[in-house]
Amino acid sequence: MSIAYLAPPESEAELMRRAQQIAGKTFAEVASERQIKAPANLQRNKGWVGNLIELALGAQAGSKAEQDFAPLGIELKTIPINAQGQPLETTFVCVAPLTGNIGVTWQYSHVRQKLAKVLWIPVEGERHIPLAERRIGAPLLWQPSEEEDQQLQADWEELMEMIALGRVEAITARQGEYLQIRPKAANNRALTEAIGPSGERILTLPRGFYLKKRFTAPLLAQHFG
DNA sequence: GCATGATCATTT
DNA sequence: AAATGATCATGC
């Protein structure tokens with residue numbers, strides 16, 4: 001009854017072969033190969049699809065503060081799409097650092113490192129499709145273009161400046177053309193340290209950086225459009 | 001609490 | 001309908 005783990009891919013080519021081999025399969029098929037079962041829905045298993053794809057490709061499941069395929073320098077992201085291939089959800093990137101941001105620049109930011117090279121796995125996400133019957137799409141290995149990098153940098157700098165100036169609680173998800181900041185927490189009692197309006201220590205909800213759909217939609221469309 | 005994996009569900 | 005703000009599970 002234990003999970004059938006797969007050894008990590010030894011090259012980018014091997015990773016891509018694996019990704020192409022699961023393309024077109026249903027979640028149930030891939031889950032069966034890994035000796036696991038699909039839950040009825042994602043309500044209490046929000047990360048289930050992401051974990052399934054990790055297992056199917058041989059990523060280390062679980063918590064590590066590095067890329068999924070660190071030796072290959074590749075981050076794995078599943079992205080739920082509709083029948084037209086458009087994203088159904090924003091994409092979580094990383095937690096937003098609320099303290100200790102003196103002298104931090106875009107070039108060495110966590111956001112930029114995470115997005116340096118991403119293997120996107122589109123997956124059917126429409127809720128009318130039973131979870132087990134949803135299919136995996138064709139993989140896309142992506143690196144940000146100069147233009148995309150600059151788009152993200154502009155949003156990042158605006159948002160990080162607000163955090164540094166003690167205005168984290170004034171940040172709304174409406175800000176940022178392509179990159180936004182929203183809560184990222186277990187619940188509303190989870191608090192973390194931040195800088196307040198007068199430079200004082202405050203406790204606030206942890207926040208995360210997310211890619212808006214208007215960033216990921218064209219990215220997917222260029223490849224599959 | 002923080003980092004991993006995200007989607008849910010209420011509001012607009 | 002779509003986006004924002006809130007939340008769910010798991011392992012340290």
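Basis for what follows: all heavy atoms, side chains included, without hydrogens, waters or symmetry-related copies. Values in this document were obtained by computation on a predicted structure and should not be read as measured data. In what follows, chains carry the letters A, B, and so on, assigned in the order in which the sequence lines appear, proteins first and then strands, with residues in each chain numbered from 1.
- Distance, Tyr178(A) OH to dA3(C) C1': 17 Å, rounded to whole Å.
- Neither OP1 nor OP2 of dT7(C) sits under 4.0 Å from any side-chain N or O of Lys184(A).
- Looking at every heavy atom in both residues, Glu133(A) comes nearest to Thr26(A) through O-CG2, 3.8 Å.
- Annotation: the terminal axes of the helix from dG1(B)-dC12(C) to dT12(B)-dA1(C) meet at 30°, where each axis is the rotation carrying the C1' atoms of four end pairs onto the next four (5 pairs per end, rounded to 10°).
- Ranking dG5(C), dA6(B), dA3(C) by closeness to the Lys213(A) side chain, first place goes to dA3(C).
- For the pair Glu161(A) and Arg167(A), the salt-bridge criterion is not met [side-chain N within less than 4.0 Å of a carboxylate O].
- For dT4(C), one of the phosphate oxygens OP1 or OP2 lies less than 4.0 angstrom from a side-chain nitrogen or oxygen of Gln180(A).
- Around CD of Gln20(A), the count of heavy atoms belonging to other residues, nucleotides or ligands within 6.0 Å exceeds 12.
- Rounding to whole angstrom units, CG of residue Leu211(A) and C1' of dA6(B) are separated by 13 Å.
- For Tyr210(A) and dA3(C), the OH to C1' distance is 13 Å, given to the nearest whole Å.
- At whole-Å resolution of the value, CD in Glu54(A) and C1' in dT4(B) are 8 Å apart.
- Gln67(A) comes within 4.0 angstrom of nothing in the nucleic acid, heavy atoms only.
- For Asp68(A), whose side chain is taken as the heavy atoms from C-beta onward, the closest listed nucleotide among dT4(C), dG5(B), dC8(B) is dG5(B).
- Tracing side-chain contacts under 4.5 Å through hydrophobic residues (I, L, V, M, F, W, Y), one reaches Leu159(A) starting from Tyr178(A); they form part of the same cluster.
- Between the side chain of Arg18(A) and the backbone N or O of Leu57(A), at least one donor-acceptor pair lies under 3.5 Å.
- Asp155(A) places a side-chain N or O within 3.5 Å of a backbone atom of Leu179(A) that can act as its donor or acceptor partner.
- Between the CZ atom of Phe209(A) and the C1' atom of dA3(B) there is a distance of 16 Å, given to the nearest Å.
- Within residues 82-105 of chain A, the residues that place at least one heavy atom under 4.0 Å from DNA chain B are, in residue-number order, Glu89(A), Thr90(A), Phe92(A), Val95(A).
- Residues from residues 109-138 of chain A with heavy atoms under 4.0 angstrom of DNA chain B, sorted by number: Lys114(A), Arg127(A).
- Of the two residues contacting DNA chain C, namely Arg44(A) and Lys212(A), the nearest-nucleotide position lying further toward the 5' end is that of Lys212(A).
- Between Lys212(A) and Glu89(A) there is no salt bridge, since no side-chain nitrogen of the basic residue lies less than 4.0 Å from a carboxylate oxygen of the acidic one.
- Nearest heavy atoms, Gln35(A) versus Ala4(A): CG-CB, 3.6 Å.
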Which side-chain N or O atoms in residues 196-206 of chain A pair as donor and acceptor under 3.5 Å with protein atoms at least two apart or in another chain?
from: Glu200(A); atom 1: OE1; to: Ser198(A); atom 2: N; distance (Å): 2.8
from: Arg201(A); atom 1: NE; to: Glu193(A); atom 2: OE1; distance (Å): 3.2
from: Arg201(A); atom 1: NE; to: Glu193(A); atom 2: OE2; distance (Å): 3.2
from: Arg201(A); atom 1: NH2; to: Glu193(A); atom 2: OE1; distance (Å): 3.3
from: Thr204(A); atom 1: OG1; to: Glu169(A); atom 2: OE2; distance (Å): 2.9
from: Thr204(A); atom 1: OG1; to: Arg207(A); atom 2: NH2; distance (Å): 2.7

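- For DNA chain C, the residues of residues 185-197 of chain A within the heavy-atom distance limit of 4.0 Å (strictly under) are Ala185(A), Ala186(A), Asn187(A), Asn188(A), sorted by number.
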_Evaluation steps, side chain to side chain donor-acceptor pair (under 3.5 Å), between Glu148(A) and Trp142(A)_ = CA-CA 11 Å; Glu148(A) 288 167 327; Trp142(A) 168 85; 3.2 Å; yes
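- Side-chain contact between Pro80(A) and Arg134(A) is absent, with no heavy-atom pair separated by less than 4.5 Å.
- Pro97(A) and Phe209(A) make their closest contact through CD-CE1, 4.1 Å (heavy atoms, listed as atom of the first residue, atom of the second, distance).
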Sub-3.5 Å pairs of nitrogen or oxygen atoms, protein against nucleotides 10-12 of chain B:
none

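- Using a 4.5 Å heavy-atom cutoff, the side chains of Leu141(A) and Trp120(A) are not in contact.
- Using a 4.0 Å heavy-atom distance criterion, Gly50(A) is classed as a sugar-phosphate-only contact.
- One atom, CD of Gln175(A), and another, C1' of dA3(C), lie 15 Å apart when rounded to the nearest Å.
- Minimum heavy-atom separation, Gln84(A) to Asn82(A): N-OD1, 2.8 Å.
- For Leu203(A) and dC2(B), the CG to C1' distance is 15 Å, given to the nearest whole Å.
- Proximity of a side-chain donor or acceptor of Asp68(A) to a complementary backbone N or O of Leu76(A) within less than 3.5 Å is detected.
- Stacking of Arg182(A) on the aromatic ring of Tyr210(A) is recorded, both the 6.0 Å distance cut-off and the 45° axial limit being met.
- Protein atom CH2 of Trp48(A) is 13 Å distant from nucleotide atom P of dA6(B), rounded to whole Å.
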*Going through the distances and angles, do Gln151(A) and Glu177(A) end up as a side chain to side chain donor-acceptor pair (under 3.5 Å)?*
CA-CA 8 Å; Gln151(A) 291 172 336; Glu177(A) 282 296 303; over 6 Å; no
